[in-house]
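Letters A, B, ... are given to chains in the order of the sequence lines, protein chains preceding strands, and every chain is numbered from 1. As a basis for the values below, the full set of heavy atoms in this structure was taken, side chains included, without hydrogen atoms, waters or symmetry mates.
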2 protein chains.
Amino acid sequence: MTMDTGAPKFRRRKADRPAEIVQAALSVFAEKGFAAAKLEDIARRAGVSKGAIYLYFETKEDIFRAVVGQAIAPNIGAVKAMAAAHPGPLAGLLRGVTAHIADVVSHTPLGGVLKMVVGEARNFPEIARVWHDELVSQALGAMAEAIEAAQARGEVKAGDPRTYALQLISPLLVAVLWRETFVPVGARPFDLPAVMAQHIDTLLCGLLTEGARE
Amino acid sequence: MTMDTGAPKFRRRKADRPAEIVQAALSVFAEKGFAAAKLEDIARRAGVSKGAIYLYFETKEDIFRAVVGQAIAPNIGAVKAMAAAHPGPLAGLLRGVTAHIADVVSHTPLGGVLKMVVGEARNFPEIARVWHDELVSQALGAMAEAIEAAQARGEVKAGDPRTYALQLISPLLVAVLWRETFVPVGARPFDLPAVMAQHIDTLLCGLLTEGARE
DNA sequence: TTTTAATAACTGACCAGTCATTTAGTAACA
DNA sequence: TGTTACTAAATGACTGGTCAGTTATTAAAA
């Protein structure tokens with residue numbers, strides 16, 4: 001009955017390691033970018049030696065792919081599903097979708113991953129392609145379709161629906177990049193829910209007062 | 001009179017070198033990111049040996065700072081000046097400012113630089129700070145002030161003017177990042193002028209048809 | 001005892017930055 | 001005009017450090 005006073009030097013937890021490593025890698029990649037991220041740092045944050053990483057991943061690129069891929073999976077189809085669930089007036093759908101995205105982006109590291117995808121797109125074109133084909137383009141397309149349907153119902157003005165979808169989500173994305181880029185150096189942050197509430201009001205009803213309409 | 005048949009191996013052009021190197025560096029940095037960019041590549045694109053770079057710059061970071069700094073200077077104050085030049089109704093100012101930014105972003109590498117600033121902000125906080133303090137925050141502030149003035153005139157609805165400014169420029173930024181990130185892997189591009197024309201119409205007059213207003 | 005998760009020391013490639021050498025330009029002189 | 005002497009721009013082989021990936025070894029589990 002030797003009391004185990006100190007933490008054991010090793011602990012064998014094969015099943016949990018990959019997820020732990022991916023999570024640690026995410027934080028380091030998001031902070032430094034792919035090239036400047038050191039495997040030693042990732043290992044340290046995962047509470048593991050560098051060698052152990054190579055029991056679960058082939059290369060550094062492999063880890064990067066796992067990080068970016070993991071951030072896609074749970075979001076695929078979410079916007080499509082919401083569009084299907086809101087057949088009624090557009091306003092409800094817009095509020096639902098933006099609230100959902102704002103929530104995801106606030107409570108998960110999706111913002112950091114987005115920054116990585118943008119920053120490393122030229123070095124990893126296949127990652128940019130997967131993100132576009134499976135996530136971004138799908139979500140944008142689903143929104144555009146919903147808007148087009150609303151146009152067919154006579155609810156929404158004429159105009160390019162894909163552009164309307166872009167207008168809708170842009171402030172959200174920029175606010176996230178703002179948070180990642182400028183807030184750490186002292187910029188005033190934006191409050192995501194407040195921004196989106198005002199944005200949707202503006203989109204639906206316009207910026208001008210009744211009197212100032214031409 | 002010996003005819004000079006081949007290109008000379010060296011050419012001495014001290015005055016032009018720094019600008020040439022900065023331009024070459026911009027294209028390499030924008031493509032690869034700071035860490036993955038090789039000085040050999042920058043040198044090759046500048047038509048110079050690696051050693052020559054060190055006649056004009058101290059370190060790789062120095063070149064990076066020059067690249068990012070160079071992209072700020074000509075834009076400082078532009079938005080402020082436009083705001084001062086448009087005392088009239090807001091619509092004119094919005095069109096002017098967005099057209100100007102769209103033009104700059106289309107015909108200069110500012111988009112690539114923006115991507116770099118976002119991607120390397122954590123590694124070079126002082127660069128992010130300079131960009132924020134001297135360019136981004138100034139421009140946003142100038143727009144917010146103009147909008148606030150319009151609110152005081154009763155021209156614009158109540159609401160946070162800084163958020164309104166964010167709403168205004170976001171689609172522009174996202175469209176640029178879209179171009180840099182997803183268009184190279186096959187995404188449908190956005191037409192900047194068209195996007196901004198529709199965006200301003202939507203902001204001013206709303207997305208909904210008269211009948212669909214609540 | 002056998003198996004395998006995990007380590008830590010190690011290796012080899014790569015690359016920022018240096019420096020001895022080469023070449024172009026220039027001016028003084030014949 | 002051609003020759004020589006000098007300055008400075010430019011080169012490219014080299015170096016030292018860093019880091020992705022490997023391996024010999026150790027310790028926990030079965």
Just distance, no hydrogens or angles: give the donor-acceptor pairs under 3.5 Å from side chains in residues 171-188 of chain A, sequence neighbours left out.
residue	atom	partner	partner atom	Å
Trp178(A)	NE1	Arg188(A)	O	2.9
Arg179(A)	NH2	Val105(A)	O	3.3
Thr181(A)	OG1	Leu177(A)	O	2.8

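- Ring planes of Phe34(A) and Phe124(A): perpendicular class, angle over 60° (limits at 30 and 60°).
- Here dA6(C) is the nucleotide among dA10(D), dT7(C), dA6(C) with the atom lying nearest to any side-chain atom of Arg17(A).
- Atom-to-atom, CG of Asp41(A) to P of dT18(D) comes out at 13 Å; the value is rounded to the nearest Å.
- Of the residues in residues 22-35 of chain B, not one places a heavy atom less than 4.0 Å from an atom of DNA chain D.
- Within the structure, the ring-ring contact (aromatic ring centres under 6.0 Å, His included) test picks out no pair touching residues 69-107 of chain A (sequence neighbours left out).
- Regarding Arg44(A), its CZ atom lies at a distance of 17 Å from the C1' atom of dA6(C), rounded to whole Å.
- Contacts of Ala84(A) classified as side chain to side chain contact (heavy atoms under 4.5 Å, CB included), with partners at least two apart in sequence or in another chain: none.
- A straight line from CD1 of Ile63(B) to C1' of dA16(C) spans 10 Å, rounded to a whole angstrom.
- Between Asp16(A) atom CG and dA5(C) atom P the separation is 13 Å, expressed in whole Å.
- Among the heavy atoms of the strands lying under 4.0 Å from Ala37(B) are primed sugar atoms or P, OP1, OP2 only; no base atom is included.
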Produce the list of close N/O pairs, under 3.5 Å, pairing protein atoms with atoms of nucleotides 17-20 of chain C; give distances to one decimal.
residue	atom	partner	partner atom	Å
dG17(C)	OP2	Tyr54(B)	OH	2.9
dG17(C)	OP2	Lys60(B)	N	2.8
dG17(C)	O5'	Tyr54(B)	OH	3.4
dG17(C)	N7	Lys50(B)	NZ	3.1
dG17(C)	O6	Lys50(B)	NZ	2.7

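- Within the model, atoms CD of Glu148(A) and CE of Met143(A) stand 12.5 Å from one another, a figure rounded to the nearest 0.5 Å.
- Contact of the Leu207(B) side chain with the Lys157(A) side chain is not registered, since no non-hydrogen atoms from C-beta on lie closer than 4.5 Å.
- As a whole-Å value, the separation of Lys38(B) NZ from dC15(C) P is 4 Å.
- For the pair Leu55(B) CG and dA8(D) P, the computed distance is 13 Å after rounding to whole Å.
- In this structure, Gln138(B) and Ile76(B) have side chains that are not in contact, with every pair of non-hydrogen atoms separated by 4.5 Å or more.
- Rounded to a whole Å, the CZ atom of Phe57(A) is 16 Å from the C1' atom of dA20(D).
- As a whole-Å value, the separation of Glu20(A) CD from dA5(C) P is 15 Å.
- Here Thr108(B) pairs with Val104(B), Leu110(B) under the side chain to side chain contact (heavy atoms under 4.5 Å, CB included) rule; sequence neighbours left out.
- Atoms CD and NZ, on Glu31(A) and Lys115(A) in that order, are 8.5 Å from each other to the nearest 0.5 Å.
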